[in-house]
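Every chain is numbered from 1, with letters handed out A, B, ... down the list of sequences. Basis for what follows: all heavy atoms, side chains included, without hydrogens, waters or symmetry-related copies.
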There are 2 protein chains.
Amino acid sequence: MIELAILGILKESNLHGYELKKHLRKVLGPLSNVSFGSLYPALARLEREGAVTIVESGPDAAPPMPMTGSLTGEAAAFRSRRRPTRGPRNRKVYGITPAGETRLVELMADPADDERSFGMKLAFFRWCDRPTRLRLLERRRASLLDRLEETRKAVAARDQDDPYVRALMEHDTESTMNDIAWIGRLIARETGDEGLDKETTGGHR
Amino acid sequence: MIELAILGILKESNLHGYELKKHLRKVLGPLSNVSFGSLYPALARLEREGAVTIVESGPDAAPPMPMTGSLTGEAAAFRSRRRPTRGPRNRKVYGITPAGETRLVELMADPADDERSFGMKLAFFRWCDRPTRLRLLERRRASLLDRLEETRKAVAARDQDDPYVRALMEHDTESTMNDIAWIGRLIARETGDEGLDKETTGGHR
DNA sequence: GGCCCAACATATCGGGCTGATATATCGAAC
DNA sequence: GTTCGATATATCAGCCCGATATGTTGGGCC
């Protein structure tokens, strides 16, 4: 699933591994603390597969095509800032390829649905159309409901009631219900069409 | 951390791998879905280290010492139930050793503090004395506070505000605060001794 | 009886992830 | 001018997961 994160970030701007990790941390926060030990191999893998390419590399590499898609002004500024008289260090700046964009769409559709995977997908929802978003949200809700059911069954079937185990399960139930309610709100926001932070076209409150 | 789970379960009763997994699922619920691919190697590892021993094995093994410490009547009953005229199948029933008990204490003190590790430790709190429990709870609270702080900083430093990323972070903040409150209640229950046995908290939302 | 199927039971393997470690460059402080 | 911390890439051991293999046991069914 780290590949999803890499492609999602690279879709916005070309970056090298080290920067990638920082952006990732910024976007996903504590949800995904990617380590270098998985980041670099993943980048190598993706390059082998043709999902990303090295856009700029080594000391004083010739800057290739200025844009791959529309860069935010920030990224462009950053790129120009990075141009000291002495070339950059040993960096490999990666960019996403058309094949990579395809791969990104595939990865978004991947059935993996744990907290981490879902968090990543949500972070890149802006690249999806509404039906896809709704599909992912519904699937997440379904698996949360499954989890809720399973925990409840475990609580019910419990003979020896250790207070700590009980506390653990009750908290799990509570947290899961919170998550479900949250997903519900996201779905509502998605279906209650158009902008709802501006003029409330359809809903109250 | 799977070793902690194994030892914690084995401390209660001698079991073979398959049963162990079921017990684990029951105690930890969806928090720790241990797979056989990690369970059996872990058992082999623990046996190599002398933390567990094979108490009974293969078809019609002679039943060794009836008790390793005080067994709950349930476990004893279970053990006697397991004695059909035709010996059991190819099973390896494991039991914890004194070295294993020591290892269990070490593992409880381990600094790992993610949701999974903490959940496991909490599930085995009954084996700890109160100071240890409080230490673990305080540590967990501290790391949750760190996480909260980090997420808040990320939200504040955010220039481009993607609504989905924002939703993700806000939900993370909310969940973390919930967790902190929960830990707070556990600490209170631990320090506010005796007296309050039931629901003393009118849970907010 | 004879048959099949689901659950029981153990084990291994590939591939991916984490944490530790190695290596080297750059900027800035001292 | 050198020490130090941030930047930057990479590899390695060890562990975990999911898939897969291999067999056993018990029960339902005709």
Side-chain angles (χ1 to χ4, degrees), chain A residues 1-6 14-25 28 30-49 52 54 56-61 78 81-94 107 110-114 116-117 120, chain B residues 1-6 14-25 28 30-49 52 54 56-61 81-82 84-94 107 110-114 116-117 120:
Chain A
M1 275 296 91
I2 192 186
E3 322 204 343
L4 171 61
I6 291 175
N14 299 342
L15 297 168
H16 58 255
Y18 199 81
E19 279 175 312
L20 208 71
K21 183 163 152 57
K22 285 195 294 186
H23 277 234
L24 223 45
R25 190 170 184 72
L28 289 169
L31 274 184
S32 168
N33 245 348
V34 174
S35 69
F36 287 122
S38 53
L39 182 58
Y40 286 115
L43 278 170
R45 220 156 52 225
L46 286 170
E47 199 204 346
R48 224 182 308 126
E49 295 169 10
V52 302
I54 296 180
E56 181 186 342
S57 136
D60 205 8
F78 170 81
R81 230 182 295 127
R82 292 248 134 259
R83 196 120 291 278
T85 50
R86 306 177 47 181
R89 357 183 158 187
N90 276 358
R91 285 172 177 168
K92 292 184 190 173
V93 178
Y94 290 92
L107 287 171
D110 186 277
D113 210 24
D114 52 304
R116 250 183 104 163
S117 305
M120 276 192 195
Chain B
M1 276 294 92
I2 192 185
E3 322 205 342
L4 170 62
I6 291 174
N14 298 343
L15 297 170
H16 57 255
Y18 200 82
E19 280 175 312
L20 206 72
K21 182 165 152 58
K22 284 195 293 186
H23 277 233
L24 220 46
R25 189 172 184 70
L28 289 169
L31 272 185
S32 167
N33 244 348
V34 174
S35 70
F36 288 121
S38 52
L39 182 58
Y40 287 114
L43 278 170
R45 219 156 50 225
L46 286 170
E47 200 205 346
R48 222 183 307 129
E49 294 169 10
V52 302
I54 295 180
E56 180 185 343
S57 135
D60 205 8
R81 233 181 293 129
R82 289 252 131 258
T85 49
R86 309 178 43 183
R89 3 185 151 186
N90 275 358
R91 285 169 177 169
K92 291 185 189 170
V93 177
Y94 290 92
L107 286 172
D110 185 278
D113 209 24
D114 52 304
R116 254 185 100 161
S117 306
M120 276 190 193

Novice: Which nucleotide, D/dT9, C/dT10, C/dT18, lies nearest any side-chain atom of A/Ser35?
Specialist: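 Nearest nucleotide to the side chain: C/dT18.
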Novice: Quickly work out the B/Asp113 CG to C/dT18 P distance and round it to whole Å.
Specialist: 17 Å
Novice: Measuring from the side chain of A/Lys92 (C-beta onward, heavy atoms only), which nucleotide among D/dC16, D/dT9, C/dA9 has the closest atom?
Specialist: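 Closest of the options to the side chain of A/Lys92: D/dT9.
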Novice: Please tell me which of the listed nucleotides, D/dC16, D/dT9, C/dA9, lies nearest to the side chain of A/Phe36?
Specialist: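 Out of D/dC16, D/dT9, C/dA9, the nucleotide with an atom closest to A/Phe36's side chain is D/dT9.
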Novice: Report yes if some heavy atom in the side chain of A/Ile54 is under 4.5 Å from a heavy atom in the side chain of A/Val93; otherwise report no.
Specialist: no
Novice: What is the distance, rounded to the nearest whole Å, between atom CE of A/Met120 and atom C1' of C/dG16?
Specialist: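 Whole-Å distance recorded here is 13 Å.
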Novice: Are A/Glu3 and A/Val52 close enough that some pair of their side-chain heavy atoms sits under 4.5 Å apart?
Specialist: no
Novice: Between P on C/dT18 and OH on A/Tyr40, what's the gap in Å once rounded to a whole number?
Specialist: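 Distance, rounded to whole Å: 15 Å.
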Novice: From the list D/dC16, D/dT9, C/dA11, which nucleotide is the closest neighbour of the side chain of A/Tyr18?
Specialist: D/dT9
Novice: OP1 or OP2 of D/dC16 sitting under 4.0 Å from any side-chain N/O of B/Arg116?
Specialist: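 For D/dC16, neither OP1 nor OP2 has a side-chain N or O of B/Arg116 closer than 4.0 Å.
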Novice: Rounded to whole angstroms, how far apart are CE on A/Met1 and C1' on D/dC17?
Specialist: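 Atom CE in A/Met1 sits about 14 Å away from atom C1' in D/dC17.
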Novice: By nearest atom, which of the nucleotides D/dT7, C/dA11, D/dC16 is closest to the A/Lys22 side chain?
Specialist: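 Side chain of A/Lys22 sits closest to D/dT7.
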Novice: What contact category does A/Gly17 fall into here, base, sugar-phosphate, or nothing, at under 4.0 angstrom with non-hydrogen atoms?
Specialist: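 The answer is sugar-phosphate, as A/Gly17 gets under 4.0 Å only of primed atoms, P, OP1 or OP2.
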Novice: Please check the phosphate of C/dT18 (OP1 and OP2 only) for any side-chain N or O of A/Ser38 closer than 4.0 Å.
Specialist: yes
Novice: Calculate the interatomic distance between A/Leu39 atom CG and C/dG19 atom P; express it in whole Å.
Specialist: 14 Å
Novice: Under a 3.5 Å distance rule, please check whether A/Lys21 uses its side chain to pair with a backbone N or O of A/Phe36 as donor and acceptor.
Specialist: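 Checking the backbone N and O of A/Phe36 against the side chain of A/Lys21, no donor-acceptor pair under 3.5 Å is found.
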Novice: Out of D/dA8, C/dA9, D/dC16, which has the shortest distance to the side chain of A/Glu19?
Specialist: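 Out of D/dA8, C/dA9, D/dC16, the nucleotide with an atom closest to A/Glu19's side chain is D/dA8.
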Novice: Would you say that B/Arg116 contacts B/Met1 through its side chain, given a criterion of any heavy-atom pair below 4.5 Å between the two side chains?
Specialist: no
Novice: Is there a side-chain contact between A/Leu43 and A/Tyr94, using heavy atoms and a 4.5 Å cut-off?
Specialist: yes
